[in-house]
Amino acid sequence: MTDWNARYAPRMSRMVASDIRERMKLLARPDIVHLGGGLPDPALFPRARIAEACARILGDPIGARTALQYALSEGHPPLREWLAGYMASIGAPCRPDNILITNGSQQALDFVAKLFLAPGDGVMVELPSFIGALRAFDAYEPCYERLPDGATELRTTRAKFGYVGTDFRNPTGTSLSRAAREALLDASAALDLPLVEDGCYEKLRFDGADIPSLLALEIARTGSIDAGRVIYTGTFSKIIAPSLRVGWVAAPEPVIRKLVLIKQAGDLATSALNQMILLDVAAASLETEAAKARAFYRARRDSMMAALDANMPPQVTWTRPEGGFYVWLTLPAGLDGNAVAERALAEGRVSVISGAAFYATAPERNTLRLSFSLAPEDAAREGVQRLGRVLRETIGG
Ligand SMILES: Cc1ncc(COP(=O)(O)O)c(C=O)c1O
């Protein structure tokens, strides 16, 4: 029998199953409260709007030809055009040639890594960082360096780029302050370090004033996206529907031209039908959907904060996110988040994610990520109570 293990490329040794993807298999169990994965609540999916858009597109013989045909690798031109306008609306004007449509922003992260990283190359990431980005980068066998918040300690680096979450980061729920963003851009300019900005949650601010993205601040400094070093990734997944798998990259045009070659080699193009549906829905009602999502998740954030206040033992601390989907818990030193997550699942029937997996290096094991996006408020309250019980028992003895 073939020894498959001997044949796999070295990169495969770094590719392991994600705890989060594994936990998605538990979603079918009604006895478990899900505070683990960062899934949007299906109650928000604009099902009727999507059905109407689909019927409209396929009901038109000319539109249907385009919708069912291979799309251009760059993306459906009207969607690229719309996104250029959308980016301007969030303070980052660009042209359609600065946009590549991808199969979700996860694909954009993979493509960016494929473009820049050879084995052993450096990449700077925050500790902790979005696990999906780390898994995408791992396949290109990089060396990780820590990207400090705001990069004020950053004097030198050989990294090819830094990967940054700016708003309501996955996994911590925290955001980079405006001053930290400016400091990061200063460091990026001084070190000639490109920054990959993950804009996944930018539209999901519940309170406080919007902070311009790194891309917007960079464009304000340089006058144009083409003159800067920021590569921005965006997605419709959290506000419209993740299954359509439509995300985008906004970047200097030479970078987009290279990413298009990678797209051609990777999957030729993103589904034209899905792009057309998203354009139809987003053009008519992105702002309405975003406002609905903000009100909905704000209530869930508030209710989870109240449940944590009421149920966590005094030795546990947590972040207070101003948006997004996530809360980050720090447990007493010496406690292993992995063991706590296992015990919470087995004894408390509550699914949470151990924080260690989000670290590219030097994991802080006494951490957990909770998400307030999916569980209804009463279920989440019950889940936090159960987690509190498990933690009190663990800490107490
Ligand atoms: C920070 C961040 N970036 C990117 C993604 C990928 O999303 P998608 O591929 O659906 O656009 C996610 C999904 O959870 C995320 O949390």
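Just so you know, ligand 1 is whichever comes first in the structure, and atom 1 is the first atom listed for that ligand. All values below come from the heavy atoms of this structure, side chains included, with hydrogens, waters and symmetry mates left out.
Centroid-to-centroid, the aromatic rings of F161 and F137 come within less than 6.0 Å. Between F168 and Y326, the ring center distance fails the sub-6.0 Å criterion. Checked against a 6.0 Å centroid threshold, the rings of F130 and F358 do not count as neighbours.
In summary, the side chains of R229 and S188 do not present any donor paired with an acceptor at a separation below 3.5 Å, with no hydrogens or angles considered. At a cut-off of 3.5 Å, with distance as the only test, no side-chain donor of Y359 or E126 sits close to an acceptor on the other residue.
Ligand-side atoms of ligand 1 in range of S237: 8 (P), 10 (O), 11 (O), range being under 4.0 angstrom from any heavy atom. Those atoms of ligand 1 that come under 4.0 Å of a heavy atom in T235, given as number and element, are 8 (P), 11 (O). Distances below 4.0 Å separate heavy atoms of G104 from the following atoms of ligand 1: 9 (O), 11 (O).
With a 4.0 Å heavy-atom cut-off, ligand 1 is reached by the side chain of Y201 but not by its N, CA, C or O. The proximity of P242 to ligand 1, defined as any non-hydrogen pair under 4.0 Å, does not occur for either the backbone or the side chain.
By heavy-atom distance, the residue among S105, G247, P171, S243 lying nearest atom 6 (C) of ligand 1 is S105. In this comparison of D167, L109, D198, T166, the heavy atom closest to atom 1 (C) of ligand 1 sits on D198.
Ligand 1 has no N or O atom lying under 3.5 Å from any N or O atom of Y163, backbone or side chain. Among the atoms of K238, some N or O lies under 3.5 angstrom from an N or O of ligand 1. Looking at ligand 1, you'll find an N or O of N170 within less than 3.5 Å of one of its N or O atoms.
When the side chains of ILVMFWY residues are joined at heavy-atom separations under 4.5 Å, either directly or via intervening members, I256 and L72 end up in two distinct hydrophobic clusters.
At least one donor-acceptor pair under 3.5 Å links the side chain of N98 to the backbone N or O of R95.
Checked against salt bridge (Lys or Arg N to Asp or Glu O under 4.0 Å), K258 has no partners two or more places apart in sequence or in another chain.
Heavy atoms of R245 approach ligand 1 to within less than 4.0 angstrom.
Nearest to atom 12 (C) of ligand 1 among the protein's heavy atoms is F130 CZ, 3.3 Å.
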